[in-house]
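After the structure tokens below, expect a handful of questions from me.
In what follows, chains are A, B, ... by sequence order, proteins preceding strands, each numbered from 1.
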Number of protein chains: 2
Amino acid sequence: MINVKKEGKLTIRDIAALAGVSAGTVSRTMNGQAGVGQETRQRIQQIIEEHRFQVDPTARMLSTGRSQTLAVVFPLHASEVVMHPIYPALIGALGDAAERAGYDILLLTQSAEKAAHVVDTVTRRRVDGVVLPAAGPRDPLIKQLTGIGAPTVLIGHRTNREGVGWVDSDHDSAAHDLTRLMLDTGRRELVLLNGPAHVSACKLRSAGFWKCVQAAGDAVTSAREIRVPFDTDAATAEALKILGDPSRPTGVVCGSDTIAAGVMDAAHSLGLRVPDDVAVTGFDDRSFAARTTPTLTTVRMPLDDIGRTAAQMLFAMISGGPAPRKVILPTEIILRGSTPARED
Amino acid sequence: MINVKKEGKLTIRDIAALAGVSAGTVSRTMNGQAGVGQETRQRIQQIIEEHRFQVDPTARMLSTGRSQTLAVVFPLHASEVVMHPIYPALIGALGDAAERAGYDILLLTQSAEKAAHVVDTVTRRRVDGVVLPAAGPRDPLIKQLTGIGAPTVLIGHRTNREGVGWVDSDHDSAAHDLTRLMLDTGRRELVLLNGPAHVSACKLRSAGFWKCVQAAGDAVTSAREIRVPFDTDAATAEALKILGDPSRPTGVVCGSDTIAAGVMDAAHSLGLRVPDDVAVTGFDDRSFAARTTPTLTTVRMPLDDIGRTAAQMLFAMISGGPAPRKVILPTEIILRGSTPARED
DNA sequence: CTATACAACGCAACCGGTTGCGTAAACCGG
DNA sequence: CCGGTTTACGCAACCGGTTGCGTTGTATAG
């Protein structure tokens with residue numbers, strides 16, 4: 001019969017015994033606390049190293065109350081939000097940063113509008129910090145989380161609420177630069193076909209667009225902004241009206257790739273050429289942006305940076321240290337076929 | 001209302017005191033164990049209900065060794081795998097199912113090829129079960145996880161390895177049905193432009209394709225299979241050769257939407273009409289599939305079902321109960337413009 | 001050469017449930 | 001009415017670290 005040796009996990013007391021000290025001393029050593037002699041400390045660390053000893057996070061959690069865990073909340077309702085393909089990259093970067101810092105990340109699903117389960121789990125699991133990658137700035141969950149003292153950071157939304165940090169892309173500058181691109185390539189009749197007004201990113205994009213238009217002065221003949229849902233069909237319908245008009249724009253800056261796709265559909269069905277008759281830009285660099293006809297000039301979000309920054313912000317908040325609580329990260333314009341080449 | 005001593009969390013001993021019993025009895029009551037009188041049990045449950053008492057999972061974990069936690073592993077290398085947009089939906093369904101069963105899910109990122117950190121975290125955190133949504137059937141991580149006795153299920157890959165379950169889509173039938181669709185709409189010269197041979201899904205799709213061709217007998221004039229990477233440009237190059245030949249196929253079944261996109265590009269540049277001159281189908285129903293010209297007929301995976309099934313399979317494995325360990329779920333064909341309408 | 005201050009470390013009581021074991025009371029057939 | 005079970009429950013020892021406090025031993029001041 002095969003002798004199955006129960007490899008008993010070593011406990012802190014085993015290490016203590018090997019080192020000829022008490023468990024408390026080992027604990028202090030591992031946590032870098034004072035009260036341990038120099039050579040004793042070295043001997044203990046040596047033994048820990050040799051035996052590959054690792055603290056049991058559960059036991060530690062029970063006595064300290066800290067879990068070395070971050071949570072990220074997935075809203076299951078609003079599936080159109082979650083299905084947005086930015087999430088895998090975002091979460092990957094977040095997880096990577098967390099791992100490096102010795103944290104694990106808990107994936108919470110927020111079903112329906114119920115924040116209760118999330119708050120509940122955060123307290124029960126003693127989660128150290130929470131990332132909300134898909135919550136609006138007015139989401140009641142935020143209040144509840146700060147209410148229980150959980151460090152919280154929003155992604156993609158900005159807020160002035162006390163005690164909550166956020167990291168967002170620079171929508172403002174991105175929209176500004178796209179508009180500038182239109183002007184630089186000779187487009188003087190502009191339309192911003194933006195997403196819904198209640199989406200904060202859209203407000204910022206609006207601001208960037210108008211800032212550029214104002215600064216351009218006579219270089220722009222006409223400019224206006226229209227709101228549509230983030231829906232290709234709705235965008236097509238609206239674009240048919242806009243582009244069917246004799247005073248049609250020669251450049252359309254869109255609030256998302258899905259809207260831009262709708263505009264290009266409309267242009268095609270009206271017999272207009274893109275970008276010759278009308279230039280089009282999107283937002284997000286969705287996968288289909290490289291596959292439209294023509295390919296779509298758009299804006300790519302710095303997802304890796306966002307994830308990493310969110311994690312670091314949380315660590316700072318947890319340790320109470322000073323650190324920026326509001327971060328805006330630069331975006332990248334992806335030049336493709338839906339805009340004319342810039343004249344250099 | 002009864003005055004609770006320390007404002008804050010009640011412990012099991014507080015409940016015991018209120019009920020006039022010992023902590024052990026409360027514990028037995030909560031876990032449905034025998035050894036508690038009928039009326040005592042009711043009284044205790046009543047009090048638990050009243051005070052909204054909830055067990056501390058950390059403490060329970062420490063003494064039982066079980067964590068009520070599932071882990072899902074994200075490989076960070078092979079970003080093209082993780083970036084595949086099926087993940088958000090998959091993970092959403094998984095999380096939802098886990099939540100309903102009172103489990104939480106831990107998100108592990110597997111950096112580089114290092115399985116060590118994953119195994120490490122699984123043991124340290126006492127994870128009850130692991131989902132591998134992006135691991136090949138030969139991934140060494142599988143061996144290591146089963147080695148430490150962690151219930152493991154694969155998603156999207158099949159294996160005969162002892163002690164590991166899997167759930168996959170019915171690629172075989174899907175490919176068969178697409179091929180059947182080609183034949184039913186009068187396409188007799190077929191090509192399967194499949195993905196790499198080492199991808200198990202591609203093997204299954206190959207099998208389905210050939211099964212249909214064999215069964216069709218004289219209904220098919222020619223049929224062949226070609227392998228390309230999951231890359232639109234590579235697919236375009238290959239498709240230019242295939243479609244440029246005088247004996248070009250009238251139907252091309254593709255191993256992915258990205259490949260199909262490449263084929264349609266090639267067709268357009270050769271002046272061939274889709275689907276009139278050549279019908280094309282994809283796989284996955286990526287977001288851009290609804291936005292190609294023409295829109296792409298493709299196959300949608302049952303992501304919700306897959307997630308839910310994986311969770312349930314893990315629960316069964318954890319409790320040691322009997323349950324199917326190998327599940328194949330049916331897919332759905334999304335009919336769009338790249339194939340002719342079926343003659344009914 | 002004492003008195004005082006510290007540094008180094010052991011002890012034991014936590015953290016909040018779980019569980020084996022012991023015991024008193026209730027129940028049973030004879 | 002009695003011995004033998006069964007049932008209901010309390011007790012206390014865990015699970016594996018952490019930490020306040022008390023006790024040494026030694027360095028420094030007076």
- prompt: To the nearest Å, how far apart are B/Ile15 CD1 and C/dT18 C1'?
  reply: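 One finds 16 Å between C1' of C/dT18 and CD1 of B/Ile15, rounded.
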Listing time: all N or O pairs from protein to nucleotides 14-16 of chain D that are below 3.5 Å?
from   : atom 1 : to      : atom 2 : distance (Å)
D/dG16 : N2     : A/Ala59 : O      : 3.4

- prompt: When all nucleic acid strands are considered with a 4.0 Å heavy-atom cut-off, which category describes B/Val21: base, sugar-phosphate, or nothing?
  reply: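 Sugar-phosphate, backbone atoms only, no base.
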query: For atom CD of A/Glu50, is the number of surrounding heavy atoms from other residues, nucleotides or ligands below 6.0 Å larger than 12?
result: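 For A/Glu50, atom CD is crowded (more than 12 foreign heavy atoms under 6.0 Å).
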- prompt: How many Å lie between CD1 on B/Ile48 and P on C/dG17, as a whole number?
  reply: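 Those two atoms, CD1 and P, are 10 Å apart.
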task: Rounded to the nearest angstrom, tell me the gap between atom CD in A/Gln33 and atom P in D/dT18.
output: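 It works out to 8 Å between those atoms.
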message: Which residue is it: A/Thr109, A/Leu108, A/Val73? I am looking for the one with a side-chain contact (heavy atoms from CB on, under 4.5 Å) to A/Thr121.
response: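 Among A/Thr109, A/Leu108, A/Val73, the one that satisfies the side-chain contact (heavy atoms from CB on, under 4.5 Å) with A/Thr121 is A/Leu108.
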task: Rounded to the nearest angstrom, tell me the gap between atom CD1 in B/Ile44 and atom C1' in D/dA8.
output: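 After rounding, the reported distance stands at 11 Å.
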task: Find the distance A/Met30:CE to D/dG17:C1' and express it as a whole number of Å.
output: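 From A/Met30 CE to D/dG17 C1': 9 Å.
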query: Considering heavy-atom distances to DNA chain D, does A/Val26 or B/Gln38 have its closest nucleotide positioned more toward the 5' end?
result: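 On the 5' side of the pair lies B/Gln38.
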statement: Intra- and inter-strand pairing of DNA chain C, written as dot-bracket with Watson-Crick and G-U pairs under 3.5 Å and | for the latter, reads ||..||||||||||||||||||||||||||
For B/Asp168, all residues meeting side-chain hydrogen bond (donor to acceptor under 3.5 Å, both in side chains), sequence neighbours excluded: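 Result, side-chain hydrogen bond (donor to acceptor under 3.5 Å, both in side chains) vs B/Asp168: B/Arg158, B/His171.
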Euclidean distance, A/Lys9 NZ relative to A/Gln54 CD, rounded to 0.5 Å: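 Separation between the atoms: 10.0 Å.
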query: Nearest-Å distance, CD (A/Gln42) to C1' (C/dA8)?
result: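 After rounding, the gap between these two atoms is 15 Å.
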field: A/Met61 CE to C/dG17 C1', straight-line distance once rounded to whole Å
entry: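 So the CE-C1' distance, A/Met61 to C/dG17, works out to 14 Å.
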message: Does D/dT19 have its OP1 or OP2 closer than 4.0 Å to a side-chain nitrogen or oxygen of A/Ser27?
response: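 For A/Ser27, the contact criterion (side-chain N or O under 4.0 Å from OP1 or OP2 of D/dT19) is not met.
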- request: Give a yes or no on whether the backbone of B/Ala23 and the side-chain of B/Ser27 come within a donor-acceptor separation of less than 3.5 Å.
  value: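 No: the side chain of B/Ser27 does not pair with the backbone of B/Ala23.
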task: Answer with base, sugar-phosphate or nothing: what part of the nucleic acid does A/Gly24 contact at a heavy-atom distance below 4.0 Å?
output: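 Base contact.
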message: Could you check whether the side chain of A/Arg28 and the base of D/dG20 have a donor-acceptor pair of N or O atoms closer than 3.5 Å, going by distance alone?
response: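 Donor-acceptor pair under 3.5 Å: yes.
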query: Do side-chain atoms of A/Thr69 reach the backbone of A/Val127 as a donor and acceptor pair under 3.5 angstrom?
result: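 Checking the backbone N and O of A/Val127 against the side chain of A/Thr69, no donor-acceptor pair under 3.5 Å is found.
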message: What is the distance, to the nearest angstrom, from the CG atom on B/Asn31 to the P atom on C/dT19?
response: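 In whole Å, C/dT19 P lies 7 Å from B/Asn31 CG.
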message: Mind checking if A/Gly35 touches a base, just sugar-phosphate, or nothing, with heavy atoms under 4.0 Å?
response: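 Counting heavy atoms under 4.0 Å across all strands, the contact made by A/Gly35 includes a base.
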- prompt: Any donor-acceptor pair under 3.5 Å linking the side chain of B/Thr152 with the backbone of B/Ala150?
  reply: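 At least one qualifying donor-acceptor pair exists.
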- prompt: Step by step, would you call A/His51 with A/Leu18 a side chain to side chain contact (heavy atoms under 4.5 Å, CB included)?
  reply: CA-CA 10 Å; A/His51 292 72; A/Leu18 293 184; 3.5 Å; yes
message: Quick one: does any side-chain atom of B/Asp139 pair with a main-chain N or O of B/Leu141 as donor and acceptor, under 3.5 Å?
response: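 Yes.
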query: Counting only side-chain N and O atoms of B/Thr25, is one of them less than 4.0 Å from OP1 or OP2 of D/dG10?
result: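 The answer is yes; a side-chain N or O of B/Thr25 sits under 4.0 Å from OP1 or OP2.
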- prompt: With distance as the sole test, does A/Trp166 use its side chain to make a donor-acceptor pair with the main-chain N or O of A/Thr159 at under 3.5 Å?
  reply: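 It does hold such a pair.
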